[in-house]
Amino acid sequence: MNLPARKRELWAQALRERSVWWRACKLGLSVGCLQATINQGDVWLRHAADATVVAKTIASPLVGFTLVLFSAAGTWVEK
């Protein structure tokens with residue numbers, strides 16, 4: 001098996017690992033929620049949220065989750 005194919009296989013295995021997803025859920029979603037609270041919390045407290053704020057509030061945890069997911073999978077691949 002050539003190197004790029006082996007690398008893809010390792011990434012596929014990493015993304016099937018429960019520990020990779022668990023780390024992404026624990027760290028990524030919690031940090032993303034904290035980030036959303038810091039960035040949009042004042043708007044929510046003033047009850048001034050609009051569609052843009054709602055979208056950014058949802059996107060923040062998803063971005064954090066995605067970053068940690070690929071970071072955890074990359075760490076798994078490197079091992």
Side-chain angles (χ1 to χ4, degrees):
M1 185 179 296
N2 61 7
L3 188 59
R6 177 69 179 139
K7 204 76 148 153
R8 277 193 302 275
E9 168 91 17
L10 286 172
W11 274 92
Q13 286 177 356
L15 291 172
R16 288 191 298 266
E17 284 293 317
R18 182 183 178 116
S19 63
V20 168
W21 286 89
W22 183 239
R23 176 170 292 189
C25 286
K26 284 191 309 187
L27 294 175
L29 291 177
S30 62
V31 169
C33 287
L34 178 62
Q35 180 183 8
T37 301
I38 291 168
N39 291 334
Q40 286 89 36
D42 60 328
V43 178
W44 284 102
L45 288 174
R46 288 192 316 257
H47 301 287
D50 58 7
T52 303
V53 173
V54 171
K56 290 192 312 187
T57 302
I58 293 169
S60 289
L62 295 179
V63 168
F65 173 82
T66 304
L67 288 172
V68 174
L69 176 65
F70 283 103
S71 175
T75 300
W76 192 93
V77 166
E78 293 301 318
K79 287 183 179 181

Quick note, ring-ring contact (aromatic ring centres under 6.0 Å, His included) partners involving residues 17-41, not counting sequence neighbours, are W21-F65

Indicate, with yes or no, if L69 and L10 share a hydrophobic cluster defined by side-chain heavy-atom contacts under 4.5 Å among Ile, Leu, Val, Met, Phe, Trp and Tyr. yes

Looking at CG of D42 and OG1 of T37, how far apart are the two atoms once the value is rounded to the nearest 0.5 Å? 11.0 Å

Mind checking the CG-CG spacing from L29 to L34? Nearest 0.5 Å is all I need. 12.5 Å

Output side-chain donor-acceptor pairs under 3.5 Å for residues 72-79, partner residues at least two apart or in another chain, one line each.
{"residue": "T75", "atom": "OG1", "partner": "S71", "partner atom": "O", "Å": "3.0"}

If you compare all heavy atoms of S60 against all heavy atoms of Q40, which two are closest, and at what distance to 0.1 Å? OG-OE1, 4.1 Å

Give the other cluster members for V54, using side-chain heavy-atom distances under 4.5 Å between Ile, Leu, Val, Met, Phe, Trp and Tyr residues; answer none if it is isolated. V43, W44, V53, I58, L62

